[in-house]
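The structure appears right after this line, and notes come after that.
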Amino acid sequence: MTEIDIPYDELVDITDKVCPLTFVKAKVAIEELDDGEILAVRMNDGEPVQNVPRSFKEDGHKIIKLYDNEDGTYTLLVRKVEG
Amino acid sequence: MAEQVNYAELKKGGFMKQKQKGYGSLRLQVVGGNLTAENIKTISEVAEKYGRGYVHMTSRQGVEIPFIHVDQLAEVKEALAKGGVKTGVCGPRVRTVTACQGSEVCPSGCIDTYTLAKELDERYFGRELPHKFKFGVTGCQNNCLKAEENDVGIKGGMEVAYKEDACIGCGVCIKACRQGALSMVDGKVVLDESKCNKCARCVKSCPTDAWEGTPGYIVSFGGTFGNFISKGEELLPIVKDKDTLFRVTDAAIEYFAENANPSERFRKTLERLGIEGLKEKVTDAYNGQ
Ligand code: HEM
Ligand code: SF4
Ligand code: SF4
Ligand code: SF4
């Protein structure tokens with residue numbers, strides 16, 4: 001398991017949601033952060049990891065890294081960019 | 001005395017004879033699935049005044065106004081023309097060019113499908129051929145517009161190139177790729193070209209734009225989805241520019257016009273003659289001849 005080696009401000013777990021509510025929950029979480037803060041998002045393999053990082057990019061946020069938790073989930077670190 | 005009704009002539013103008021004597025369903029011309037608000041108002045008024053107050057949406061983004069009486073056809077066409085609405089076609093000719101929303105609207109889009117649909121429509125719409133001939137344009141591998149069910153299908157894609165210097169090794173593209181074409185080796189991404197379907201999901205997802213995508217057209221030939229079902233075949237590498245694309249589509253239509261028996265669909269011609277002849281012709285067109 002890759003250690004998450006970058007500090008983050010908030011963690012949201014979206015493994016309990018299915019698309020499109022995965023991104024809705026992640027989006028609500030990032031809305032609550034301040035510009036420049038880092039959100040960690042834990043998500044499932046498959047559709048969520050294929051699409052959620054890209055949706056953050058489309059909303060103008062900055063993706064930092066995707067960690068494989070090796071338990072069928074991934075954790076994405078994303079820096080908030082105020083739109 | 002009543003005028004002799006020439007249904008064959010009427011059909012060219014998209015008037016589909018109904019079960020009910022004297023009535024037909026009038027097909028309208030819709031390009032790339034878009035109608036303006038003015039078009040819709042006009043259609044609505046005509047449907048209320050001359051039809052039964054409803055329209056029917058066809059499976060290929062067409063609109064028909066049922067229950068138009070043949071005696072009022074000329075008047076109806078005039079009323080539609082005032083609102084910028086043209087009638088469609090049926091019979092052995094090039095049909096409505098369909099399109100998804102494409103790159104102007106959809107985040108997944110690789111090509112501007114609507115502009116291309118209009119250009120194809122201007123180039124070919126209504127052209128007489130041995131049988132009906134359909135074009136469909138879809139913006140990416142998601143294939144919302146189902147390119148391969150058309151005689152000629154066009155699908156947007158991108159040839160992708162990795163810019164190692166821009167890559168921060170985040171790993172997002174590797175998971176975004178659904179073809180398993182990408183892997184991380186010593187902190188750098190390696191592309192297996194043989195698995196890549198040019199979907200551009202890597203380009204769209206990379207946070208640092210380390211994937212450079214060059215848009216192009218993936219063309220399929222000989223699709224049909226009616227009594228017989230057959231998937232259009234890709235015979236060429238991805239086409240990079242519109243001039244080449246039009247040379248290729250011209251070549252496909254010419255091949256059909258020259259080689260098909262009367263009333264023979266494109267797929268049937270290809271089954272009868274084998275696909276090699278068409279492949280040679282479109283390959284020459286692709287190579288600029
Ligand atoms: C307190 C409850 C909720 C909050 C705070 C909330 C918040 C949001 C937010 C912030 C968005 C994104 C809007 C945007 O794209 O700008 C959204 C989109 C959406 N919401 Fe909700 N929502 C809630 C409940 C629900 C529920 C109960 C459903 C359905 C079961 C739902 C379905 C959706 C869908 C389908 C979208 C569109 C997602 C997309 O753009 O792909 N939401 N919601
Ligand atoms: S085919 Fe692609 S570009 Fe077209 S609407 Fe679907 S996802 Fe969007
Ligand atoms: S274009 Fe699509 S298939 Fe090719 S490497 Fe990128 S994501 Fe994978
Ligand atoms: S998404 Fe971009 S930055 Fe991240 S690993 Fe792929 S190429 Fe590198």
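As a basis for the values below, the full set of heavy atoms in this structure was taken, side chains included, without hydrogen atoms, waters or symmetry mates. To find a chain, count down the sequence lines: A is the first, B the second, and so on, and within it residues start at 1. Because the structure is predicted, anything quoted here is derived from the model rather than measured.
At a threshold of 4.5 Å between non-hydrogen side-chain atoms, the residues B:Val172 and A:Leu76 count as touching. In this structure, the side chains of A:Lys65 and B:Ile168 stay at 4.5 Å or more apart for every pair of heavy atoms. No side-chain heavy atom of A:Lys57 sits less than 4.5 Å from a side-chain heavy atom of B:Pro107.
Using a 4.5 Å cut-off between heavy atoms, A:Tyr74 touches chain B through its side chain atoms alone.
For the atom pair B:Cys202 SG and A:Arg54 CZ, the distance stands at 10.0 Å (nearest 0.5 Å). In this structure, the separation between CE on B:Met184 and CG on A:Leu66 is 9.0 Å, given to the nearest 0.5 Å.
Remark: B:Lys41 NZ is loosely packed, at most 12 non-hydrogen atoms of other residues, nucleotides or ligands lying under 6.0 Å away. Within a 6.0 Å sphere centred on NZ of A:Lys25, heavy atoms belonging to other residues, nucleotides or ligands number more than 12. Crowding of B:Phe246 atom CZ: a count of heavy atoms from other residues, nucleotides or ligands under 6.0 Å exceeding 12. Other residues, nucleotides and ligands contribute more than 12 heavy atoms inside 6.0 Å of the CD atom of A:Glu47. More than 12 heavy atoms of other residues, nucleotides or ligands lie within 6.0 Å of CD in B:Glu119, so this atom counts as buried by the packing criterion. Heavy-atom contacts from other residues, nucleotides or ligands closer than 6.0 Å to CZ of B:Arg247 number more than 12.
The two residues B:Ser205 and A:Ile63 make their nearest non-hydrogen contact at O-CD1, 4.5 Å. Closest approach of A:Ile64 and B:Cys170 over heavy atoms only: O-CB, 3.4 Å. The nearest pair of heavy atoms linking B:Arg201 to A:Gln50 is NH2-O, 2.9 Å.
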